[in-house]
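The structure appears below as structure tokens.
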Amino acid sequence: MQNILETAIKAGFKEIYKTDIESVEFQATRKDFEGDITIVVFAFLRFVKGNPVEIGTQIGEYLKENVDEVSDFNVVKGFLNLVISDSYFVSNFNTIKNTKEFGFSSPKANEKAVMVEYSSPNTNKPLHLGHIRNNLLGYSVAEIMKASGKKVYKTQIINDRGIHICKSMLAWQRFGNGETPESTGLKGDKLVGNYYVAFDKAYKKEIAQLIAEGKTEEEAKKQAPILLEAQQMLLKWEAGDEAVVKLWKTMNQWVYEGFDQTYKELGVDFDKNYYESNTYLLGKDVVADGLKKGVFYKKEDGSVWIDLTDEGLDEKIVLRSDGTAVYMTQDIGTAIERFKDFDLDELVYTVGNEQDYHFKVLFLILEKLGFDWAKNLYHLSYGMVDLPSGKMKSREGTVVDADDLMIEMTNTAREISQELGKLEGYKIEEREELYKTIGLGALKYYILKVDPKKRILFDPEESVDFAGNTGPFIQYTYARIQSILRKADFDYSIEITDIELHSKEKELMKQVLLFPETIQSAANNHSPALIANYTYELVKLYNSFYQTVPILGCEDLNEKIFRTQLSSKVSEIIKSAFKLLGINVPSRM
RNA sequence: GGUGGCAUAGCUCAGCUGGAUAGAGCACCUGCCUUCUAAGCAGGCGGUCCUAGGUUCGAAUCCUAGUGCCAUCACCA
């Protein structure tokens, strides 16, 4: 539509004012004015001198005469509001009416893929609310990019080695009495997490003891025997000590089983897992190579650095003086590995904004090393999820556990649903499934509707809403439409062409037609929030339509068919949009 | 201290590349279930868009400075 108008407007200026204009500025007409599309006349004043109202009127008249789709216009101040004909909307609707997965594009042949990394947990403690945001964002962005026409691989790198892992292992050895998930009935990740906390407790105790003996806090922190022992254990692990490796495998396996369960409940998945225990040595040869190229330099003690002061950053270490890899070394190696493993041209890292600096440096290093794909690396940086008491800290037990939270959400959904009592004829299992759908819908929507880069304040005392701009509200609208479609006992597949639109229908259709560009924009911006906001707007318009005009009770058969078709399309879009957010929709609720 | 991010209604958030009287939801108040699901609809109340300058016909949006909160600046990850 905009293209048609732009060409016409340019032609109009040429005819009336004998001038060429560069571009036309469009915007949606505000609700309080009549019209569908608005042209900002002010922008033309650079090319044509005169009164904006006069110019607007002349252009409006020109368009009304020369463009079929423009049925009327009005000018308010410097704004030319155009009324687009009903037939334009109706014919547009008819072309998309039967499109399966309207708004989604399929991947083009031969196009390279995008890899989205998310989750990437440590294997020493259970997943919490912060991981939930990460998982939901990563999963959703991956789905959105798929829908926008990209081939996508989902991945995570599991941080399964290092001193923090040894801490839980050591604590289990000392205090565990051979406990297992089976013997305790605990989820594996929970059990291991308990020992991570136990380590910290014992460690703190030893520190206090040493301080009492006259050491400074700093000395005490470094000399606590339990810490030294954990460090010993790490060395043994790296040396391949049989007993340590065996324990490591056993405990990690417990954690994986626990994680799998959480991921399944949350509804996220991965195409490939990377393990840090396999990748932590990667990148060293790249560093050696970069050293030759002069990208890095060696200090006297043998450590290798990169100087980024020209870019306004600092110097950064890429290899320790003892030749071992740091985090950065691994990330360099892993990135390269991934581009070898898959035919990629883009890699998205879903990692909190506390690591902004790290990724800035990483990308810069890869660019300096000469990888042309380095410019296609993207850090999907999101804000922290904070509690009213501040930051969540696993070691201090101030975390909102992922499993617990999902259960609580389901419980709330159950309470509300039972109170409303609309589920006659539903079996117990069906109901439980539904409570989960609604509870998780509330949680996921609550988190995803917020712009990723903003931090979220989560108050466990105030439960997530189920009314207003929420997941359940949107699910409810979907269920309502399903109810209508179940009751529609007539053939509504025929094409309706000649029809006069109710203003509610027109507004709704305008929103429907925006779905494809919303997906593209959400993909470009890596923002599920755009999908959430779009869907909310769509659903609000639908509910207003639903309560203003009769659908099945409509006298005129054409109207009735058309409104049913429109309802059906809206429900399809709700379902698709929610699929992009990883949220299911119920046929009743 | 250096660097980066954020600041919009009592609370939670929208606000696209600058554009019309700054929009939703929650909360509070008023109506609407003998028509398709009231987890809904219609309406009311509520704002120095952090502050001060600047650019512009026009600034919540762009620039500069300041204030506040958060993050980061380790041979940790």
Side-chain angles (χ1 to χ4, degrees), chain A residues 23 25 27-33 38 40-43 45-46 52 76-79 81 120 122 159 162-164 276 280 299 301-305 312-314 316-328 330-331 352-358 360-361 381 383-384 386 390-391 413 416-417 419-420 422 438 442 446 449-451 453-457 459 462 464-477 479-488 517-518 521 525 529-530 532-533 536-537 539-540 543-548 550-554 563-564 567 588-589:
Chain A
S23 64
E25 203 175 320
Q27 59 185 272
T29 305
R30 293 178 66 105
K31 284 197 182 99
D32 1 308
F33 300 97
T38 294
V40 184
V41 184
F42 293 112
L45 296 180
R46 286 190 292 148
V76 182
K77 294 183 190 170
F79 299 94
N81 302 319
S120 302
N122 289 338
N159 300 299
I163 187 74
H164 49 288
E276 199 197 334
Y280 80 107
K299 285 196 178 175
D301 61 5
S303 58
V304 180
W305 296 72
L313 304 173
D314 300 322
K316 193 83 190 171
I317 190 161
V318 291
L319 206 61
R320 289 194 189 97
S321 51
D322 63 6
T324 56
V326 292
Y327 185 41
M328 190 63 77
Q330 289 179 50
D331 270 3
N353 63 12
E354 55 195 354
Q355 294 194 34
D356 284 356
Y357 184 72
H358 172 78
K360 210 181 267 180
V361 172
S381 162
M384 297 288 103
D386 292 327
K391 205 173 173 173
I416 295 175
S417 199
E419 213 168 289
L420 293 170
K422 295 183 189 175
I438 298 171
Y446 178 84
K449 76 169 178 185
V450 182
D451 184 334
K453 67 173 186 270
K454 293 201 176 173
R455 81 177 197 131
I456 290 182
L457 188 73
D459 189 347
E462 288 178 36
V464 174
D465 281 333
F466 282 68
N469 184 2
T470 66
F473 166 54
I474 292 166
Q475 289 172 321
Y476 172 71
T477 306
R480 253 184 170 177
I481 298 175
Q482 294 315 298
S483 171
I484 286 183
L485 297 180
R486 277 192 298 271
K487 288 181 182 162
E517 59 190 87
T518 303
S521 155
N525 291 296
L530 296 180
N533 291 335
Y536 176 58
E537 199 56 41
V539 160
K540 262 204 307 188
N543 277 311
S544 182
F545 158 79
Y546 174 94
Q547 259 165 80
T548 307
I551 299 165
L552 299 179
C554 200
R563 287 176 183 171
T564 308
S567 298
R588 281 179 64 179
M589 72 184 270

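Chain naming here is simple, since letters A, B, ... match the order of the sequence lines and numbering starts at 1 in each.
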**Report entry** Syn/anti label of B:C49 as read from its glycosidic torsion, with the cut at 90° from 0
**Finding:** anti

Requested in this report: Please report the closest heavy-atom contact between A:A488 and A:L552, naming both atoms and the distance.
Outcome: CB-CD2, 4.0 Å

Query - Among B:C41, B:A39, B:A22, the one nearest A:S417 by side-chain distance - result: B:A39

Report summary line: Between CD of A:E537 and P of B:G23 the distance, given in whole Å, is 13 Å

Query raised in the report: Considering only B:A38, B:U21, B:C41, which nucleotide approaches the side chain of A:K422 most closely?
Result: B:A38

Query raised in the report: Which whole-number value in Å describes the distance from A:R588 CZ to B:A38 P?
Result: 14 Å

**Report entry** Interatomic distance, A:F42 CZ vs B:U17 P [rounded to whole Å]
**Finding:** 20 Å

Query raised in the report: Mind checking whether A:F42 and A:F79 have parallel, tilted or perpendicular rings, split at 30° and 60°?
Result: perpendicular

Report task. Rounded to the nearest angstrom, tell me the gap between atom CD in A:Q27 and atom P in B:U17. Result -> 13 Å

Report task. Decide yes or no, distance alone: a donor-acceptor N/O pair under 3.5 angstrom between the base of B:A39 and the side-chain of A:T470. Result -> no

**Report entry** Proximity to the side chain of A:L420 - top-ranked nucleotide from B:C41, B:A20, B:A39
**Finding:** B:A39

Query raised in the report: Rounding to a whole Å, what distance do you find between A:I163:CD1 and B:A74:C1'?
Result: 16 Å

Query - Nearest-nucleotide comparison on RNA chain B, the residue closer to the 5′ end among A:N543 and A:V76 - result: A:V76

Query raised in the report: Roughly how far, to the nearest 0.5 Å, is the CG atom of A:N159 from the OH atom of A:Y327?
Result: 7.0 Å

Requested in this report: With RNA chain B as reference, determine whether A:I481 or A:A325 sits nearer its 5' end, using the nearest nucleotide of each.
Outcome: A:I481

Query raised in the report: For A:E354 and B:C73, what is the distance between atoms CD and P respectively, to the nearest whole Å?
Result: 10 Å

Query raised in the report: Given atom CD of A:Q547 and atom P of B:U35, what is their separation to the nearest angstrom?
Result: 12 Å

Query raised in the report: To the side chain of A:T29, which of B:A20, B:U21, B:G19 is closest?
Result: B:A20

Query raised in the report: Using the rule for Phe, Tyr, His and the six-membered ring of Trp, do A:F79 and B:A20 stack at under 5.5 Å and under 30°?
Result: yes

Query raised in the report: Is it the case that A:R480 and A:N543 place a side-chain donor and acceptor less than 3.5 Å from each other?
Result: yes

**Report entry** Under the 3.5 Å Watson-Crick or G-U criterion, the dot-bracket string of RNA chain B, with | for inter-strand pairs
**Finding:** (((((((..((((.....[...)))).(((((.......))))).....(((((..]....))))))))))))....

Query raised in the report: Any idea which of B:A77, B:U37, B:A39 is nearest the A:P472 side chain?
Result: B:A39

Query raised in the report: A:R486 side chain N/O closer than 4.0 Å to the phosphate oxygens (OP1, OP2) of B:U37?
Result: no

Query raised in the report: Under 4.0 Å between a side-chain N or O of A:S544 and OP1 or OP2 of B:A42?
Result: yes

Query raised in the report: Nearest of B:A71, B:C41, B:A20 to any side-chain atom of A:K391?
Result: B:A71

Query raised in the report: What heavy-atom pair brings A:V539 and A:T477 nearest, and what distance separates the two atoms?
Result: CG1-OG1, 3.1 Å

Query raised in the report: Which whole-number value in Å describes the distance from A:K31 NZ to B:G23 P?
Result: 10 Å

Report summary line: Heavy-atom nearest pair, A:R320 first then A:A325, reads NH1-O, 3.1 Å

Query - Pair of N/O donor and acceptor under 3.5 Å linking B:A27 base with A:D465 side chain - result: no

Requested in this report: When you get a sec, tell me which of B:U21, B:A38, B:A77 is the closest nucleotide to the side chain of A:R480?
Outcome: B:A38

Query raised in the report: What are the two closest heavy atoms between A:F545 and A:R563, and how far apart are they?
Result: CZ-CG, 3.9 Å

Query raised in the report: Is A:Y476 stacked on the base of B:G40, meaning ring centres closer than 5.5 Å and planes within 30 degrees of each other?
Result: no

Query raised in the report: With a 3.5 Å cut-off and no angle check, do the side chains of A:D331 and A:H358 form a donor-acceptor pair?
Result: yes

Query - Nearest-Å distance once atom P is located in both B:U51 and B:A9 - result: 11 Å

Report summary line: When every non-hydrogen atom of A:S303 is compared with those of A:I317, the smallest separation belongs to CB-CD1, 4.0 Å

Query raised in the report: Taking atom C1' in both B:A42 and B:G53, what distance in whole Å separates the two?
Result: 45 Å

Requested in this report: Determine the contact category for A:T548: base if any of its heavy atoms lies under 4.0 Å from a base atom, sugar-phosphate if only primed atoms, P, OP1 or OP2 are that close, otherwise nothing.
Outcome: nothing

**Report entry** Gap between atom CD of A:E276 and atom OG of A:S120 - 0.5 Å precision
**Finding:** 10.0 Å

Report task. Quick one: label A:I317 by what it contacts on the DNA or RNA (base, sugar-phosphate, nothing), any heavy atom closer than 4.0 Å. Result -> base

Query raised in the report: Side chain of A:Q355: nearest nucleotide among B:A77, B:G40, B:G15?
Result: B:A77

Please tabulate, one pair per line, each protein N/O and nucleotide N/O from nucleotides 2-13 of chain B that are separated by under 3.5 Å, including the distance.
unit_1: B:A7; atom_1: OP1; unit_2: A:K454; atom_2: NZ; d: 3.2

